[in-house]
Amino acid sequence: MHEGLELDHPIAVPDKPALEGLEEKWTARWETDRLYRFDRTKPRSDVFAIDTPPPTVSGSLHVGHVFSYTHTDIIARFQRMRGKAVFYPMGWDDNGLPTERRVQNYFGVRCDPSLPFDPAFRPPDKPGKHPRPVSRPNFIELCARLTAEDEKAFEHLWRHLGLSVDWSMTYATIDRRAQRVSQLSFLRLLRAGLAYQLEAPTLWDIDFRTAVAQAELEDREQPGAYHRIRFARPGTDGHVEIDTTRPELIPACVALVAHPDDERYRPLFGSEVETPLFRVRVPVRAHALADPEKGSGVAMICTFGDVTDVVWWRELGLPVRAIIAPNGTLRPVTWGEAGWESADSTAAQQAYDQLAGLAVHKARARMVELLRASGDLVGEPRPITHAVKFYEKGDRPLEIVTSRQWFIRTMDQRPALLERGRELQWHPPYMQARFENWVNGLAGDWCISRQRFFGVPFPVWYRLRADGTVDYEARLFPDDSRLPVDPSTDVPDGYGSGQRDVPGGFTGDPDIMDTWATSSLTPQIAGGWEEDADLFSRVFPMDVRPQAHDIIRTWLFATVLRSHFEHGTLPWKNAAISGWVLDPDRKKMSKSKGNVVTPLALLEEHGSDGVRYWAASGRPGADTAFDTGQMRVGRRLAIKLLNASRFVLSRPEPHGTATAAVDRGLLTQLARLVAESTDDLEHYNYTRVLERTESFFWGFCDDYLELVKGRRYGDQGSERAASANAALLAALSAMLRLFAPFLPFATEEVWSWWRPGSVHTARWPTREEVLGACSPPVEDERGVRALEFASQVLGAIRKKKSEEQRPLKTPVLRATVRATVEDLALLPDVERDLRAAGLIHQIDALASEALQVDVELVPPDNAAERL
RNA sequence: GGGCGGUUAGCUCAGUUGGUAGAGCACCGGCUUUACACGCCGGCUGUCACAGGUUCGAGUCCUGUACCGCCCACCA
């Protein structure tokens, strides 16, 4: 049996095939036929499982999504045609700050986790002036309501693009299942000692008032200034001068530090100096991180000005004098006997009172005035530009605030994680370096708690002591079977709701999980971990994680970590890393730059196949320019496919097997293309497959079709026509299937004209199948050369006509073909095809080293031209 | 400061194990050809970033440099 050779199916070709309306027609049919439903009866070995990236629904889809999701769909369609049951779910990321902010504004509400759930709650019709407080469960309900609308729009776009997602398998990163998986995994990590709670200096965003993780940082260049400050040496007239960009932190200074080998400061190590204004005695210490080249070579250690301060503080065993409040202002401090020590607590209090309550940048300005007045500022501040750490979604520099947070262990897992990174197949391979880079640069365990409201809560309560204070050591956990729970409204076993927040009772952990703490479990959420063991065993570990390179350090890293802990395996075999879409100025396309194009409009203008064609030109990992020109080319290719198919199917009788040299040559080339393409797609080289298939297709249209046109109409008898038809049909069938992952709509349309079922569930072509249309069914190198030779001669004849500016239908009186003896031996096989295609009256052959064709056209005005 | 990628025609990019530089777009010229004018045919376009090295031979391998982009970093 050979695909394409059975003509038992009726052929129905439209007179004027067109792309318009194909998306609507076929997406509807695919849905009705449940074409992309996952077949969960298949064993793991027959399944291809995809860990689809859940797009953020509170944002809007942009052309970058269309780009990368197309890549995944190409692989999914290929694997499906290879006979795999493709597990291709879609997730919606509605967890986290973006949704929180959107729901607040849209409904005019504010989450207050201390409120009880109100089942009768209805949001105000219009947001009022003052946000209405609602309980966390009510808030989450509102989120679900709002995101449901977004999800509909997203799904419509994805369907229009032709993603072969199984739409019966969707999940949301805040839905019940995601919460349950997140909480269950957290509790298991806790039991295994892989998660823990600790009060420690933490990166802190003063606007969002939450802890953030290392992975969420970004550097931004900011103006700043070096201030040279004088520290007195008690008992001497001497001073030590330090440089700092943050003079407002002088009250938080706990030591000075210089490099142990720095001869200038060596004599000072072990001695004490006094901070200006506050006259607090602090030691001078040595540490290798101090850079003699920077500033004066000696630095002030504060609790805490930056991450280096934390390192120094920890490694030198220094005390804490914290002055930054969670809201980014300097908190009140009492100096003197009841408070902080000072050689002159009255003066210290007087100075500090001028700073307390001020925001950091205002405190800095005030501090400079105070230092200038006291004479402790040496010279004037020297403006610089320096990199400052920001929360990636934040507007003001991060501070470091000591607080109680949940962590997941990463630091002691580094060797194992590096090993997992090497196990993973990366596409492209060099992306592994980014992973290694990140793992090697980890500075601390992963802080997963956030002081926000909308997210997955920690399933933990604490006992309250008789005095009403929280006993963080006395933790209460729900049984796994109760999950998910919300400790702000649910009650721990053995307690009643009346005992909430009263002495001797309990209180819920107020925090929620970092959004990555949930999305790092997408394989478990989508695959039904601990809920549907049968499904999970068929899809996990998954085959591929498609994602962009900028979130290797977050999403990919965290997913590998969680799977490593929970299953002792990689979560997937392959990581397919997509690049970004760049605008024509080579900048990343983004909303802030105002260069975002609406994806739906693109699909409507260029057709989904056209846009997919452009997307498929981006290799894994490669940033790709936004190029409507490529979309137009793709659209043209799809149209060409319709028209060429129409021609092939216009007169398919008689049919038989390919016996003529050029026919066998065509199928030999195609068989090789099929074999290469299969291998390429197995290795995520979809770009090359499209290029080569397209190139073959154009050769097929321009040369092969022209050569056999007359013959297939019967000019050379029915046996020769049957050979041409056999090749035409076999080639069309295989080409349609090669194109199907890229141009799902045009190929499906053509397939429906003459083949039963869908091209997308047809068997992927094989080399043997294509050669099976030949008699005998083997490669024919001579036939390949015959086709090439005939194409070259035909090209020379066209060129002559073009140079003479004559119509292509101009007859050729005589063509003198000079070629090698070997090529000339092919002439009898191709001569009649050539005569018909080039309208050649006479062909003369001469032996020669190089191919050359002399063409003598019918003179203009000759009556023969009109024959 | 460390790491990763890139630099080939005006533009977007291919160039497998080293063997005479390719495609598409754009541009120019031609063609009403019964699959397609949403088309067809033909043409023009290169110091393969730069400098060395290996080799009979380098866009391809090695070393260095420059520029562009990205990731990371303990940025006083």
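Predicted model, so just to flag it, every value in this text is computed and none were measured. Just so it is clear: chains get the letters A, B, ... in the order the sequence lines come, proteins before strands, and each one is counted from 1.
Two residues are said to be in side-chain contact when any heavy atoms from C-beta on lie closer than 4.5 Å; His227(A) and Leu371(A) fail this criterion. At least one side-chain heavy atom of Arg806(A) sits under 4.5 Å from a side-chain heavy atom of Leu857(A).
No donor-acceptor pair closer than 3.5 Å links the side chain of Ser578(A) to the backbone N or O of Pro620(A). With hydrogens and angles ignored, the 3.5 Å screen pairs no side-chain donor or acceptor of Arg636(A) with any backbone N or O of Gly610(A). When atom types are taken as modelled, the side chain of Thr693(A) and the backbone of Leu690(A) share no donor-acceptor pair closer than 3.5 angstrom.
Counting heavy atoms of neighbouring residues, nucleotides and ligands inside a 6.0 Å radius, atom CD of Glu849(A) does not exceed 12 of them.
Remark: the separation of the P atoms in G64(B) and C48(B) is 22 Å, to the nearest Å. Using atom C1' as the reference point in both A26(B) and A9(B), the two lie 11 Å apart (nearest Å). Taking the P atoms as reference points, C13(B) lies 36 Å from U55(B), given to the whole Å.
For His606(A), there are no ring pair (Phe, Tyr, Trp, His ring centres under 6.0 Å) partners at least two apart in sequence or on another chain. Partners of Tyr265(A) by ring pair (Phe, Tyr, Trp, His ring centres under 6.0 Å), not counting sequence neighbours: none found. For Phe697(A), the ring pair (Phe, Tyr, Trp, His ring centres under 6.0 Å) partners are Phe739(A), not counting sequence neighbours. Residues passing the ring pair (Phe, Tyr, Trp, His ring centres under 6.0 Å) test with Phe67(A), sequence neighbours excluded: His71(A), Trp614(A).
Side chains of His287(A) and Glu315(A): a donor on one and an acceptor on the other come within 3.5 Å.
The residue Thr308(A) sits close only to the backbone: its heavy atoms come under 4.0 Å of sugar-phosphate atoms, none of a base. Contacts of Trp426(A) with the nucleic acid, taken as non-hydrogen atoms under 4.0 Å apart, are absent. Heavy atoms of Arg246(A) sit nowhere under 4.0 angstrom from any nucleic acid atom. Nucleic acid contact class of Asp219(A) (heavy atoms, under 4.0 Å, all strands): base. Within 4.0 Å (heavy atoms only), Val311(A) reaches no atom of the nucleic acid at all.
Ionic pairing of Arg635(A) and Asp609(A) is not present here: no N-O contact between side-chain nitrogen and carboxylate oxygen is shorter than 4.0 angstrom. For Glu653(A) and Arg651(A), the salt-bridge test fails: no basic side-chain N is under 4.0 Å from an acidic carboxylate O. Electrostatic pairing of Glu804(A) and Lys800(A) counts as a salt bridge here, judged by a charged N lying under 4.0 Å from a carboxylate O.
The distance from atom CG of Leu442(A) to atom P of C74(B) is 11 Å, rounded to the nearest whole Å. Taking atom CD of Glu436(A) as the reference point, atom P of C70(B) lies 23 Å away to the nearest angstrom. Taking atom CG of Asn440(A) as the reference point, atom P of C74(B) lies 14 Å away to the nearest angstrom. Residue Glu694(A) contributes atom CD, which lies 14 Å from atom P of A14(B) at whole-angstrom precision. A straight line from CZ of Phe231(A) to P of A76(B) spans 15 Å, rounded to a whole angstrom. When rounded to the nearest whole Å, the span between CG of Leu398(A) and P of C74(B) equals 13 Å. When the C1' atom of G42(B) is taken as reference, atom CG of Asp703(A) falls 13 Å away, rounded to whole Å. Leu637(A) places its CG atom 11 Å from the P atom of C25(B), with the value rounded to the nearest Å.
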Task: Audit row: Lys801(A), Val812(A), side chain to side chain contact (heavy atoms under 4.5 Å, CB included) steps and yes/no - done: CA-CA 9 Å; Lys801(A) 292 177 181 177; Val812(A) 175; 3.8 Å; yes
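Under 4.0 angstrom from either OP1 or OP2 of C74(B) there lies at least one side-chain N or O belonging to Lys389(A). Taking 4.0 angstrom as the limit, Gln214(A) places a side-chain polar atom (N or O) nearer than this to OP1 or OP2 of A73(B). Considering only side-chain N and O atoms, Arg553(A) lies under 4.0 angstrom from the phosphate OP1 or OP2 of C72(B).
Taking both residues in full, the closest heavy atoms of Asp262(A) and Gly297(A) are given as OD2-O, 4.3 Å, listed atom of the first, atom of the second, then distance.
Legend: salt bridge (Lys or Arg N to Asp or Glu O under 4.0 Å) pairs involving residues 244-259 of chain A, not counting sequence neighbours, sorted by first then second residue: Arg246(A)-Glu248(A), Arg246(A)-Glu399(A), Glu248(A)-Arg364(A).
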Protein and nucleotides 34-38 of chain B: nitrogen or oxygen contacts under 3.5 angstrom:
from	atom 1	to	atom 2	distance (Å)
A35(B)	OP1	Lys709(A)	NZ	3.4
A35(B)	OP2	Tyr713(A)	OH	3.2
A35(B)	O2'	Arg646(A)	NE	3.4
A35(B)	N3	Asn643(A)	O	3.3
A35(B)	N3	Ala644(A)	N	3.3
C36(B)	O2'	Asn643(A)	ND2	3.2
C36(B)	O2	Lys640(A)	NZ	3.0
C36(B)	N3	Lys640(A)	NZ	3.2

So which protein nitrogen or oxygen atoms get under 3.5 Å of nucleotides 4-9 of chain B's nitrogens or oxygens?
none

When you compare the protein's N or O atoms with those of nucleotides 43-45 of chain B, which come within less than 3.5 Å of each other, and at what distance?
from	atom 1	to	atom 2	distance (Å)
G43(B)	OP1	Lys799(A)	NZ	3.2

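Taking every side-chain heavy atom of Trp438(A) into account, A73(B) is the closest of G24(B), U12(B), A73(B). Comparing atom distances between the Pro807(A) side chain and each of G24(B), A76(B), C31(B) picks out C31(B) as nearest. Across C70(B), A76(B), G30(B), the shortest atom-to-atom separation from the side chain of Thr245(A) is found for A76(B).
Using a 4.0 Å cutoff on non-hydrogen atoms, no part of residues 678-690 of chain A comes near RNA chain B. Applying a 4.0 Å cut-off to non-hydrogen atoms, the residues of residues 285-293 of chain A that approach RNA chain B are Leu289(A), Ala290(A), Asp291(A), listed by residue number.
Because its NZ or CZ atom is not both nearer than 6.0 Å to the ring centre of Tyr704(A) and within 45° of the ring axis, Lys709(A) does not count as a cation-pi partner of that residue. Figure legend: Arg712(A) and Phe647(A) shown as a cation-pi pair, the cationic atom lying under 6.0 angstrom from the six-membered ring centre and within 45 degrees of its axis.
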Would you be so kind as to tabulate the donor-acceptor pairs closer than 3.5 Å made by side chains of residues 428-442 of chain A, with sequence neighbours excluded?
from	atom 1	to	atom 2	distance (Å)
Gln432(A)	NE2	Glu436(A)	OE2	2.8
Glu436(A)	OE2	Arg422(A)	NE	3.3
Trp438(A)	NE1	Arg553(A)	O	3.3
Asn440(A)	ND2	Glu436(A)	O	3.1

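Each of Lys801(A) and Arg692(A) was assigned the nucleotide of RNA chain B with the nearest heavy atom; the assignment lying further toward the 5' end belongs to Arg692(A).
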Task: Dot-bracket notation for RNA chain B, counting Watson-Crick and G-U pairs under 3.5 Å, with | for partners on another strand - done: (((((((..((((.....[..)))).(((((.......))))).....(((((..]....))))))))))))....
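Between the OG atom in Ser617(A) and the CG atom in Asp627(A) there is a gap of 7.5 Å [rounded to 0.5 Å].
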